[in-house]
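A quick write-up on the structure given underneath.
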Amino acid sequence: MKNTRPVSWIKAARKDFEEFTEHVQRDMLTALTIAAEGEKSDNAKPFKNVDGGVFEIALRHRGDAFRVIYAV
């Protein structure tokens, strides 16, 4: 069993996330779960111009782009 850290949300960010399509939410949550387990998803990349520990997940879906920024 993996040691999964809890994911904490900024309230406004969670509200925005809940407006993402179901497919995108599922893919983002998979990537965030991987991060919570201490790994890095293939979809995550370091967030530019911010020092260590901040990552971005950007996904395209049906012509739209969705982005999540997280810190570990």
### Task
Just grab all the ring pair (Phe, Tyr, Trp, His ring centres under 6.0 Å) pairs involving residues 33-60, residues at least two apart or on different chains.
F55-Y70
### Message
Same cluster or not: I57 versus I69, using hydrophobic residues (I, L, V, M, F, W, Y) connected whenever any side-chain heavy atoms lie under 4.5 Å apart?
### Response
no
### Test log, rule side-chain contact (heavy atoms from CB on, under 4.5 Å), inputs T21 and V24
CA-CA 5 Å; T21 66; V24 171; 3.2 Å; yes
### Query
Is there side-chain contact between F66 and V68, with heavy atoms separated by less than 4.5 Å?
no
### Query
Transitively linked via ILVMFWY side-chain contacts under 4.5 Å: F17 with V54?
no
### Task
Identify the heavy atoms of E19 and Q25 that sit nearest to each other, and give their distance.
N-NE2, 4.3 Å
## Note on the structure
In short, salt bridge (Lys or Arg N to Asp or Glu O under 4.0 Å) pairs touching residues 7-16 with sequence neighbours left out are R14-E18
### Task
With rounding to the nearest 0.5 Å, note down the distance linking NE2 in H23 to NE2 in H61.
5.5 Å
Determine all donor-acceptor pairs shorter than 3.5 Å in which one atom belongs to a side chain in residues 28-43; sequence neighbours excluded.
residue, atom, partner, partner atom, Å
T30, OG1, R26, O, 3.0
T33, OG1, L29, O, 2.8
K40, NZ, A44, O, 2.9
S41, OG, N43, N, 3.0

### Query
For the hydrophobic clusters of this structure (ILVMFWY residues joined by side-chain heavy atoms under 4.5 Å, transitively), does one cluster hold both V72 and W9?
yes
